[in-house]
Protein chains: 2
Amino acid sequence: MLRPMTISLKPSQALSLWHQVSLSEVRDTAPDLTMRQAAILLTIYLDPPPHTVRGLAEHLGVTKPVITRALDTMGTMKLVTRHRDPRDRRNVVIARTVEGALYLERFADVIIAKAAALPR
Amino acid sequence: MLRPMTISLKPSQALSLWHQVSLSEVRDTAPDLTMRQAAILLTIYLDPPPHTVRGLAEHLGVTKPVITRALDTMGTMKLVTRHRDPRDRRNVVIARTVEGALYLERFADVIIAKAAALPR
DNA sequence: GCATATTGAAACGGTCCCGTAACGTTTCCA
DNA sequence: TGGAAACGTTACGGGACCGTTTCAATATGC
């Protein structure tokens, strides 16, 4: 049964969804990400590669050190990895990890569950 | 035309929605909230009052100073106000503001727009 | 009345993130 | 070949948040 419909939310549903997902993350003892880190991580996993520090900085509208530091933190969490680009050794290409994919998979499950439980 | 259906998202849609909304907030020059602050603000505006520091702390599973500090910050942003409870002057009741309502209204609009633009 | 409990806030030390500026490395090009 | 440009990182000072502990004010109960 296909439902080729755009997803339309009422304001109360939109806020409730964000509320429930945020609560899940806050209550969770898991290490949580800042809004910027989340945006960076999602860009890396959802937008087509390759990803560079400069490209991410432009895409998010932030400075390069912000990206470098976020990658430091998320690298420690094993959510992303970095390698020098052999073709242009000035560049650093950011790659996904298994742990990062699992992290986002679990996160998507939370969003889906909360969306399904939303009052009509 | 009514659509009394539960909202069902595919994993890619769930992550894409969070991605797009996060990007909007990051790119915005507006002051953004931490995940905890957002959870507190949404609880205040979506759950029935009255709200106290202790109640919010229990609800989110964090310590009271976390709530006090978040209220300090969001109070400076005029998103919430605090008053002593005249019936029990140990309590502080947290109240909504016009600015806070507008902030969340605008936030809901972003979520709704991104949800509507989601690929099927 | 007085000790105890409760509430929210303040103090303290530590950690992380921020923006700006400077830096080392690598590439480009005149 | 040598200077300029591009890339990512590091350094620096400042600010925000954290958890724990302590505190002042208020309420409760013997």
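Naming convention: chains lettered A, B, ... in sequence-line order (proteins, then strands); numbering from 1 in each chain. None of the values given here were measured: they were computed from a predicted structure.
- Taking a cutoff of 4.0 Å between a charged side-chain nitrogen and a carboxylate oxygen, B/R106 and B/E25 qualify as a salt bridge.
- Considering every non-hydrogen atom in both B/S8 and B/Q13, the closest pair reads O-OE1, 4.3 Å.
- First and last contacting nucleotides of DNA chain D toward chain B (any atom under 4.0 angstrom from a heavy atom, 5' to 3' order): D/dC17 to D/dA27.
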* Take B/R82 and B/T68, measure what side-chain contact (heavy atoms from CB on, under 4.5 Å) needs, and give me the verdict at the end. => CA-CA 10 Å; B/R82 279 181 283 194; B/T68 295; 4.1 Å; yes

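- In this structure, B/M77 is not a member of the same hydrophobic cluster as B/L102, with clusters built from ILVMFWY side-chain heavy atoms closer than 4.5 Å.
- No donor-acceptor pair closer than 3.5 Å links the side chain of A/H51 to the backbone N or O of A/I94.
- In this structure, the side chains of B/L33 and B/L79 come closer than 4.5 Å at one or more pairs of heavy atoms.
- Within the 3.5 Å criterion, the main-chain N or O of B/I44 finds a donor-acceptor partner in the side chain of B/R96.
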Which atoms of nucleotides 22-28 of chain C (N or O only) lie under 3.5 Å from a protein N or O atom, and what are those distances?
| from | atom 1 | to | atom 2 | distance (Å) |
| --- | --- | --- | --- | --- |
| C/dT27 | OP1 | A/R89 | N | 3.1 |

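- When the C1' atom of C/dC17 is taken as reference, atom CE of B/M35 falls 16 Å away, rounded to whole Å.
- Atom-to-atom, CZ of A/R36 to C1' of C/dC16 comes out at 13 Å; the value is rounded to the nearest Å.
- In terms of hydrophobic clustering, with Ile, Leu, Val, Met, Phe, Trp and Tyr side chains grouped at heavy-atom distances under 4.5 Å, B/V92 and B/L41 are assigned to different clusters.
- For the segment residues 66-80 of chain B, residues with any heavy atom less than 4.0 angstrom from an atom of DNA chain D are, sorted by number, B/V66, B/R69, B/T73.
- Contact record, A/I112 with B/K10: CD1-C, 4.0 Å, taken as the closest heavy-atom pair.
- In this view, B/D85 and B/R87, B/D88, B/N91, B/V93 satisfy the side-chain contact (heavy atoms from CB on, under 4.5 Å) rule, not counting sequence neighbours.
- Within a 6.0 Å radius of CZ in B/R27, other residues, nucleotides and ligands contribute more than 12 heavy atoms.
- Ring geometry for A/H59 against B/H19 counts as tilted: the plane angle lies between 30° and 60°, on a 0 to 90° scale.
- Near DNA chain D, meaning a heavy atom under 4.0 Å away, the residues from residues 37-63 of chain A are A/T52, A/V53, A/R54.
- The salt bridge (Lys or Arg N to Asp or Glu O under 4.0 Å) search around A/R84 returns none, not counting sequence neighbours.
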